[in-house]
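Naming: A, B, ... by sequence-line order, numbering from 1 per chain.
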Amino acid sequence: MPPRASKRKSVPPNSSSVTSSDGRSVSNKAKTKGMEKVDRLFNTYANSSLGMIDPEGIEALCADLGVDYTDVRILMLAWKLKSEKQGYFTREEWQTGLKELGVDSLSKLKKALPELEKEVEKPSNYEGFYIYAFRYCLTEEKQKSVDIESICELLNLVLGVQFRPQVDSLVEYLKVQNDYKVINADQWINFLRFCKEISFPDLGNYDANQAWPLILDNFVEWMREKQS
Amino acid sequence: MSNQKKRNFQIEAFKHRVVVDPKYAEKTWSVLEHAIHEIYNHNASGLSFEELYRNAYNMVLHKFGEKLYSGLVTTMTAHLKEISKSIEAAQGGLFLEELNRKWNDHNKALQMIRDILMYMDRTYIPNAHKTPVHELGLNLWRDNVIHSSKIQSRLLSMLLELVHKERTGEVIDRGLMRNIIKMLMDLGSSVYQEDFEKPFLEVSAEFYMGESQKFIECCDCGDYLKKAEIRLNEEIERVTHYLDVKSEVKITNVVEKEMIASHMMRLVHMENSGLVNMLLDDKYEDLGRMYNLFRRVPNGLSTIRDVMTSHLREIGKQLVTDAEKLKDPVEFVQRLLDEKDKYDNIISQAFCNDKMFQNALNSSFEYFINLNNRSPEFISLFVDDKLRKGLKGVGEEEVEIILDKVMMLFRYLQEKDVFEKYYKQHLAKRLLSGKTVSDEAERSLIVKLKTECGYQFTSKLEGMFTDMKTSQDTMQGFYASHLELTDGPTLVVQVLTTGSWPTQPSITCNLPAEMSALCEKFRSYYLGTHTGRRLSWQTNMGTADIKATFGKGQKHELNVSTYQMCVLMLFNNADRLSYKEIEQATGIPTSDLKRCLQSMACVKGKNVLRKEPMSKDIGEEDALFVNDKFTSKFYKVKIGTVVAQKETEPEKLETRQRVEEDRKPQIEAAIVRIMKSRRVLDHNNIIAEVTKQLQSRFLANPTEIKKRIESLIERDFLERDNNDRKLYRYLA
């Protein structure tokens, strides 16, 4: 790995190598001061026995960033970090992610958040982020669907700003219907398509003969009954 | 140049130098002219054919063909003008006769003239491109007589008048008509058409328009059709007698249009006598007449068919939704069969077995049978009734006929899998209670079902028969190896293979000691020969025959269900038992126990038990006693209730739920099969293909299919295409 161009004067490398508890050995030559800072920042929040930032650590990070734990920006951060497990950041995820963001300190991270938001909202990224949000909720192994409660929260979080009326109606419907207790990935992705493609609230261009998931057919029927 | 050489006698042609006498032509012509006059004046007998022929021949030979021809034309024309006048002079009815006579005369004359002038006909005329004599004669007749101003219109109106007279019932001279018409035909088809046929058709149209209007106001449908048929036949007969055969189709078209096509709707829908009434009253003759007449006009048959179809659908719908009629399933199905028979007869007797009508009948039946979702159940109950007792004593052929009729109804069902479920249940009851009238009939029906639906449909049913047979063999083996048991109660066990028989929740009750010991012996015997199997007693399905002695010593043999046996046997050790005691001792589930006690305590003629209080229902505080006063004129009394019955509401719902559950894997299997072969397919096409594949079993619901697709997506059998959301892809 080529040495990273750092904004500060590079400090001559130490001769000792640091081994983190997940067994990885970071070579001294590759370490720059910036990397060191990122790493140190990691250690501030990491659970030392796990070698990862755990939910507590994330909570602390949020507090320091002045952002609520449930704020969508944390989800965006997770996406940026390509975090695999909900509530945890590994060292590698942290390092790669922060490098992508071009930050190595807390204040810089805080400043980078609005830009991150913009990045996510770019059409080329948005769908990926949306799908990521769902997968991030699949906490158990082999889990394929997410319960209705969580879905409703997630919809609010992820789509609430752009598609407020759709989200409100959809959430209301999901809470009253009995057909489905969980939502799967296919249904999730179609929620977004629904918001993007179907005119709301008239639903004029919704065609039940198209291959929309049944839950959306039912939702539309429910909306139409409400409206009449 | 004569031959100078000396020869033997040579006969030379007589070279007679003909003097071309300029007056020669005149003289010759006047001879001929005179002859023509004589011919027309009926004086031909004095003429020499040979001389006249020679004269004509000479004229042509000497190049006077032109003169001869034009002379002929002039002379003949003059004569025809005379003739024309005499015809004009004829009064009234004599006009046609005169015309006819003169025509005959002319023809005769023409014949003779033509014979005389035959040489000219064959030589001069073709060379000079003139009209041949015979044809000339006809044309001249046409132009000078028929088309003469005084004759033309009079001729036409006379002909039309005669036709009208005949139509109104008078007798006319058909021979005369025929001759006149033939004359027109001989003069050329355009003459016939212009001078007669066209006006004839117009006048006929007016006539029939009026007539049909008159009839429709005063006749009912059947009578009107009779009249129309009569008129039609009349016109056909008229044509054969005195018109050109080519006119037949034209005049019949007129009659068809005016009498039938114009009034078609009014006839069909006529109140009290229209098509529907005819159908209701099986008026084969009238219906047949209507069919034959209507098939001649455009949309005639389709009109009949449509009205019949909507009528059928209406009465069918009433039949299947009438709550009264639905009380008795057997009666209900019988009525369906009767209705089908009725219409089969109508179609064969009156509608010439027309295939399209058959199709309309079938589609109507299919429509309304499926309006009632209990039809499958009822048809199975009907079959059950027949196989249980209805076919007793009925000959083999008749049995086949009835079963075929049932199969026909079965074919109309959309939900064949529901039928299968009920049929299995009812068959199980029949087999286990030994209550089937004819084994052959049962098997025959299974074969028919197999032919219709394939092996899978009937494999389980056949399994049931096999189990019965195997059980018989097992019982024999059991008793053969346990000879010590022949004195005790006789046990008959039917071993049912799970999966072939309808599933029942098996709650074993507590059998009386004698029985449970015996059952255990059987169990060990069976498992001894069939290791690895598991037996569970189905005490809710068995029967028992027990001998009972009552208070006054009256003995009876009671045929009861296993549950009832358990209850009764308790009374060997107690005179009085409370409901709760019975419940505890037997372990029979509550609703079954109540039903069981009710059938023994509350039904007249079967009340082997007495209940306190004497209410109709079984209460949990009731007490039961043996009814010492029990009497029956029969030694053997049947109390068991294992007969197949119409399901109660909750049972029906349960069955339906099970059917729905069974359908899910079938739908999924169909989807996977289709996607495996097509790889990529869009939504609407999947729905269509799946529906088609499952059609022989049930009508698949598109929403249900969609649910299954989504389930398959979740389980990673299918995926949606990334770009086109309507497309599904098979994931290997």
Inset, instruction - For side chain to side chain donor-acceptor pair (under 3.5 Å), just list the numbers for A:E56 and A:N47, CA-CA rounded to whole Å, side-chain angles, deciding distance to a tenth of an Å, and then say yes or no. - result: CA-CA 8 Å; A:E56 260 182 48; A:N47 178 323; over 6 Å; no
Inset, instruction - Heavy atoms only, distances under 4.5 angstrom: which of B:E719, B:E710, B:K726 has the most pairs with chain A? Name it, please. - result: B:E710
Legend entry - Segment of A:E127 engaging chain B (4.5 angstrom heavy-atom cut-off): neither
Legend entry - Cation-pi geometry met for B:R305 and B:F357 (6.0 Å, 45°): yes
Inset, instruction - Could you tell me which of B:R725, B:H683, B:E714 has the largest number of non-hydrogen atom pairs under 4.5 Å with chain A? - result: B:R725
Legend entry - Face-on cation placement of B:R313 at B:F368 ring, 6.0 Å and 45° thresholds: no
Legend entry - Per-residue contact mode, A:D179 against chain B (heavy atom under 4.5 angstrom): neither
Legend entry - For B:S380, all residues meeting side-chain hydrogen bond (donor to acceptor under 3.5 Å, both in side chains), sequence neighbours excluded: B:H426
